[in-house]
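Reviewing the structure listed below.
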2 protein chains.
Amino acid sequence: MEQRRVERRSGVALWRQIADRIRQDISAGLGDENGRMPTEMALAERFGVNRHTVRTAIQALVQEGVLRAEQGRGTFIQRQRRFAYPIGPRTRLSEGLAGQAHERRSHMLGHAYEQATPEVAKALEIDVGAPVLRLETLSEADARPISRARSYFDAERFRGFERHFIETGSITAAYRAFGVEDYLRRSTAISARHAGSDDLEHLQLSPGAIVLVALGLNIDGDGRPIQYSETRFSADRVELQVSMPD
Amino acid sequence: MEQRRVERRSGVALWRQIADRIRQDISAGLGDENGRMPTEMALAERFGVNRHTVRTAIQALVQEGVLRAEQGRGTFIQRQRRFAYPIGPRTRLSEGLAGQAHERRSHMLGHAYEQATPEVAKALEIDVGAPVLRLETLSEADARPISRARSYFDAERFRGFERHFIETGSITAAYRAFGVEDYLRRSTAISARHAGSDDLEHLQLSPGAIVLVALGLNIDGDGRPIQYSETRFSADRVELQVSMPD
DNA sequence: CAGATTTGTATATTGCTATAGACAACTATA
DNA sequence: TATAGTTGTCTATAGCAATATACAAATCTG
């Protein structure tokens, strides 16, 4: 196993690097069967730092709900593996996590009718300044926030979309109210960056965490663009699974 | 434009957060036509920090080759947009960046014959402990390192693969020497994490930078797995473009 | 219960991070 | 050439990050 050490004088505090590494290792499925972590002394030696530095990292993860420390006993893993989020022609949030999570839901944080920016207009193939509906949503699985999305719809065609979404809690169902029986994912651009303050709040991340950003375009049965969205996933809780059709 | 502010007491130094934000904005194509950045005072005000803190961030980006500071004149953008790296059934590195870069090449950092770990064995559908070839490669475009890959091949079938790769500099060409005329990308799992020390060195990143990690499996015309690889991309220089076949 | 192991708390010290103010060096321009 | 605007250097100070040492508190095991 490659033993990546922590980087000093990098602008990223050692305790944060260690916290990120531990969180990552847990997501990858490491840790013994009881969910017990190595002792603070063992971790300190492994990372080549003082015990208190490890403690600071552990405290951050306890705060986050990833670990649980018990005096005299040890430190234990509170949460487990990453969800695999499939991306393909039929990307659907609701079906995506089936079998991996017991309970999943989406809810709307807000919506607004706005004028299309050049970026949005180009994606939706409408005029710059044309009215669009912006939908801000948050998705959860097993009571853990998974993704935070901002979607744009052509307001001419989908005016009132947000009400159907609120009622049903499903994009697919809301589309049906507008006569869209089927839709496909045409393209997805994936990048990554540090979580912003909005992500920190809604995805319950701690500063310095990484988010995967997926810019996607959905099209209807006739190939017309219907939804342009930016979805941010917690990189510690989700991996994107790109599978090709046969 | 949302004005995400910097986070204090986060374990990530302000100068690093600012450097990351600026790098990110540049990658997204911001900046005026001359490539001139706002003044240090303007940036300090925008981020709500002292001018010296901005200077530290700029110095890091100058070191990285992203910015260029000229006394008395201003600070200028040295490098431009992100490469879009396509991921699809026919993912090929060599073709991927066509049209975006003038010059691109791959070279081998090293290779080794090893025993398959459970993870590798499962992917390649061989027995645990069976001999595999591990290939460490680095890809560049326009003299900038783009990706760092670790690939595994079934050594029974592809013994000597590394020599063909060295000769031709192309995976596709090396396959041909083993009678593999065509191959497909079956699946890709994408995640993100902070760059490790190996990434820092080969991808010429500064500590705290983010890498996109793509775990991919290639299959031959008969559907047999032939290559299992982990590729790490600099998140500042590359975005992964997932496009669906029609 | 006694001892070993492990997490929790306290204090002190050193170095890095961020701020503040002043001024030098360089460039462009009126 | 004088002035304004911009980056570069210097010094000083306060707070956070990391280390070091010691000991308390809780748990487990013989």
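Excluded from the calculations below are hydrogen atoms, water molecules and symmetry mates; all remaining heavy atoms, backbone and side chain alike, are included. We name chains A, B, ... by the order of the sequence lines, and we start the count at 1 in each one.
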To the nearest angstrom, how far is A:Gln59 atom CD from D:dA17 atom C1'? 13 Å
Establish whether the base of C:dG21 is bridged to the side chain of B:His52 by a donor-acceptor pair shorter than 3.5 Å. yes
Only counting residues at least two apart or in another chain, list the ones meeting side chain to side chain donor-acceptor pair (under 3.5 Å) with A:Glu70. A:Arg68, A:Arg73
Can you pull the salt bridge (Lys or Arg N to Asp or Glu O under 4.0 Å) pairs that have at least one residue in residues 47-59 of chain B, sequence neighbours excluded? B:Glu40-B:Arg51, B:Glu40-B:Arg55
Compare side-chain N and O positions of B:Asn50 against OP1 and OP2 of C:dA18 and report whether any pair is under 4.0 Å apart. no
In whole angstroms, how far is the P atom of C:dA18 from the CD atom of B:Glu45? 19 Å
Nucleotide of D:dG8, C:dT19, C:dG8 approaching A:Arg51 most closely (side-chain heavy atoms): C:dG8
Rounded to whole Å, the CG-C1' distance (A:Leu14 to C:dT17) equals 13 Å
Residue pairs, two or more places apart or on separate chains, that pass salt bridge (Lys or Arg N to Asp or Glu O under 4.0 Å) and touch residues 113-131 of chain A: A:Glu114-A:Arg134, A:Glu125-A:Arg186
How many whole angstroms separate atom CE of B:Met41 from atom P of C:dC23? 16 Å
Whichever of A:Thr56 and B:Ile58 has the more 5' nearest nucleotide on DNA chain D, that residue is B:Ile58
Value in whole Å for how far the P atom of C:dT17 lies from CD1 of B:Ile18: 13 Å
Taking the side chain as every heavy atom from C-beta outward, state whether B:Arg148 and B:Leu109 have any pair of such atoms under 4.5 Å apart. yes
Which residues share a side chain to side chain donor-acceptor pair (under 3.5 Å) with B:Ser151, sequence neighbours left out: B:Gln227
For A:Glu162, enumerate each residue passing the side chain to side chain donor-acceptor pair (under 3.5 Å) test, keeping only those at least two apart in sequence or located in another chain. A:His111, A:Tyr113
Using only side-chain N and O atoms of A:Arg55, determine if any of them is under 4.0 Å from OP1 or OP2 of C:dT7. no
Can you check nucleotides 3-6 of chain C for protein contacts, nitrogen or oxygen pairs under 3.5 Å, and list what you find?
none

